Amino acid sequence: MDLSPINQSSSLPKEILSTIEKARRFGVALAETELQTSKSLENVTSEIQNIQHNNSLLYNQITTLCSSQIEEAKQALALIDSSVSTLSQIKKEYQGLKGKAKKGQKIIKCYQTIRKAYMILSLIGKTKEWIIRLLLLKKEVNQITQILKNELIEMGFEEEAENYEDEGDESFNDEIDLSEYGVEEINFDDEEPHYQLIAIFERIVQLEEFKLKVFEETSKSENNSSDLNVEEIFSKYLSIIDGVSVLFQSVMEKYFQQAVPLACEQPEKFVKIVRIIERDERKKKQQEIEHNTFDTEEEILVTKYSYKNYKELCFKGIKEYIGNCLKHEIEGIEDLEEVFERIKQCVEGELEAIDRHLTPCFPVKYCILEKCILFFDEHVREYLLEYNTPETDNITRSYVLKFVIDYPVVYEPYEEYLENIKIDYTETITDIKAIISTTFLKSIMEWKEKLIKTMFSSLEKEDEKSYIEQDGFLYTFGPIDFFTTLNQALLSISQCGQKDLIEQVAYSIRLTLTDFKADLSVEVRKNMKKISIKKLCALSNDSNKCVYLTHDLQDYIAEALPDIEIEKIRMDEVTNGFTELAKELLSSISDRITSKLTNYMDRLFTKDWYVVGTEETCLTRGLSDIQGDIQYPIDFLEWENVVIIVKNVFSFVVKQYIEAFMTRKFSLKEEERNLIRKEISSCVEFLPPDDEHDWVSPLLKPLRMIEDIFETIDDEDLLQCLSDANEVYPDMGPIVFETIIQKAGFSKEFKESLLQTVQQFYTTKTKLKQAVVKKPSIFGVYNLPPETTETNEKKSKSKESKEKVKKDKKKKTKKLFSSASTENTYLEDKESKEQPLKDKKKNSTNEVQEINLLDFIND
């Protein structure tokens, strides 16, 4: 069956579609049950077509009906929109009506305003006279204002004159001709220049009275309502009187602030200004009389004159001028001594000008000079308070003390004016002296402790800012700053001339220096290992400089206190302490340098003595290694101290070299002797030229002696070497030469010849009377005990066989080991194992065998 028409009606309402669906199902079911034959099927087909036709008709009807309903709905919506628009317009119209209603209410409420306007119109007639006066007032105020501005510009206050703005209603016209109203105008330009200010002052007084009269009348007016404030209206217009009054007072203040220069340059003008002050005072007295006369009548007590108190303003201006003078005089000056000197000069100069020019301008009753002296004294005391606070250091206090002792001399020319005032600084002097006496020792001790702590707070860091170089020598800031502060304190306090105070300060300085020396020594010894060589040099210079500075302080104290016992100010303990500290520092520098050499010296004449195939030995490397350290003393120490350090270091080198040569077992080859010559040459280069410095040659003498022995070619050369050596070292024994000859690596025959020459020399020497040597030299410590020497001499004379001699030597050796010998190094070396030099085993057949020192004592 074709049901497409029904299916295409999906846009129909659901109820209609449901009915159609039910009818369709019913028809189908009916057709399936009742129509079984082909005819019936044809009828069914016909029926179905009828039904479809009916359905199509029904569908068309329904579609038509729905379309009409939709059109009606659209029309309804259009009507609704139109209704909304109409309602909006109605609402707007309603709001307009509401606004008009409110305006109407406001108009109704304006009844009171209309009534006030009526009252104002009724007052216009009454205030016509005052309006004319206001027009005149504006013209007068403008004229006065212009004059006062010109005065400000003339005094140099152009900016204030330009910044001043006229107050009042700009609607007033200055060009209005008020003569037609019968008003007589005042022209201040007709007055003489010096009288203009007086005329302006009097006119301002009249204008202020006029203003008070206006307010008094308006306040009593019956027509004055609370809603219409007439006084406020008049205040607006009459405020120009207050403005010009303030401007006049400002001009007067400027004149008072320049009272002294104005009195010097324009005395006539300043006299007129003083007259204004007198008129102000008279009006005040007149007002007080009226006040006392009408005390019971409150209505008459209305103030008709505003007292300006120009007298006090004048004193205030003069005081401010004095303060500005002092401030300008010392502004930008940091030197306190110069500050006080300028204050003194300023007071002297200004007082002279005040006495000559300002005082004659004032009546005697004002006591103007006395006032100025008091002002100066007050300002000076203020400055003294600034420089004399609890945080002020004593050097500053000493300058203050010196100033207050000398300052009162400034007022001596004006003693006749000082009868009624007291200028006394005795109490101030006593207080400052007491403060210095009680705080000097404590403050300098605290500063000393802080200084010591700062000096040793960061020893590991090398800061160039912690050093100062003077005259080519290096110092630290600490001691120099410390003594500089002490010198300044002592110098400033001694200038005060107070011997009791100087004596107390000197005693405090002595105690402080003693503590400083002790604390510095303790900290240096405590941190000696941490301090760099550069800083040790600086501290050594500090210690030496402290000695000189201590002597300078002692001499200055003796000069300042000539009557004091010298024992009370001697500081030998301090200077000796600094001297000892300087020596310790030099010794520490020497030890620091020699400690670097120890490792190198321990390798002398061992297998690590030199590098095969090179001329570099441990000694030459050591000297090169300490070159940088030794350069610090050379660059920064005094030459005499450099000599001490070099002597100490090189004496250590020579001593260690000789001791290594004497105690260690070895036998030299020809190339090794050349290495020793190279080492000696390096030592000569390490030291300054000996022809310019006589202390160098004695240091090199032991090494050059070894070199001379190596250069010996016959007995005569050896005898000359022996003679020279014994002349320098009278306590030198034969063991030294014998040891050097034994280890020099000479041939056997030449060696025996040299040893015999040595023995003969010392045999001859023992027969001569020799002076007793109290302090052994570098070679004297190697001498054998006396018993062994005598036994060896007897053995040398015997002609026994070689085997017997060797047996006796072995016995003597055992005896020597068992006896209390003064030289333990030899005994230790006899027990120690042999330390062969490099390549010794390879060339053993061509070398002289290693020889024990004691085996050849009798040869």
Side-chain angles (χ1 to χ4, degrees), residues 1-124 169-171 223-233 235-236:
M1 292 183 296
D2 188 9
L3 300 177
S4 56
I6 298 176
N7 294 332
Q8 292 176 356
S9 60
S10 57
S11 60
L12 297 174
K14 289 182 180 181
E15 292 82 1
I16 297 173
L17 290 175
S18 177
T19 303
I20 294 172
E21 182 65 20
K22 288 178 182 181
R24 185 183 68 77
R25 289 177 182 176
F26 176 76
V28 171
L30 183 61
E32 288 178 354
T33 55
E34 293 183 359
L35 299 177
Q36 301 296 329
T37 62
S38 57
K39 186 177 181 178
S40 298
L41 291 174
E42 292 177 358
N43 294 331
V44 169
T45 302
S46 175
E47 188 66 25
I48 288 172
Q49 289 178 354
N50 293 330
I51 292 171
Q52 287 179 348
H53 178 71
N54 293 332
N55 287 341
S56 299
L57 292 175
L58 182 62
Y59 173 76
N60 292 332
Q61 292 176 359
I62 292 171
T63 301
T64 304
L65 181 62
C66 289
S67 298
S68 62
Q69 289 178 355
I70 289 170
E71 290 296 328
E72 291 177 357
K74 287 181 179 180
Q75 292 177 2
L77 288 174
L79 292 174
I80 290 171
D81 292 338
S82 176
S83 300
V84 170
S85 175
T86 304
L87 288 173
S88 298
Q89 291 179 359
I90 293 171
K91 186 176 180 181
K92 288 181 180 179
E93 292 294 332
Y94 175 76
Q95 288 178 349
L97 293 174
K98 187 177 180 180
K100 291 179 180 180
K102 288 182 178 179
K103 289 180 181 180
Q105 289 179 354
K106 288 182 179 180
I107 293 172
I108 294 171
K109 291 179 179 179
C110 285
Y111 172 75
Q112 296 294 336
T113 306
I114 297 171
R115 184 178 178 183
K116 287 181 181 179
Y118 173 77
M119 294 177 64
I120 290 172
L121 291 174
S122 63
L123 289 173
I124 288 176
D169 193 348
E170 296 297 332
S171 61
N223 296 326
N224 189 10
S225 173
S226 58
D227 295 332
L228 184 59
N229 195 340
V230 179
E231 292 184 7
E232 184 177 351
I233 296 174
S235 296
K236 177 181 177 182

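Every value quoted in this text rests on a predicted model; they were computed, and no experiment measured them.
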Table please: side-chain donor-acceptor pairs of residues 66-77 below 3.5 Å, with sequence neighbours left out.
| unit_1 | atom_1 | unit_2 | atom_2 | d |
| --- | --- | --- | --- | --- |
| Ser67 | OG | Thr63 | O | 2.9 |
| Ser68 | OG | Thr64 | O | 3.4 |
| Ser68 | OG | Leu65 | O | 2.6 |

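Under the side-chain contact (heavy atoms from CB on, under 4.5 Å) criterion, Thr86 pairs with Ser82, Ile90, sequence neighbours left out. In this view, Asn50 and Ser46, Glu47 satisfy the side-chain contact (heavy atoms from CB on, under 4.5 Å) rule, not counting sequence neighbours.
In this structure, CD1 on Ile62 lies 9.0 Å from CG on Asn55, to the nearest 0.5 angstrom.
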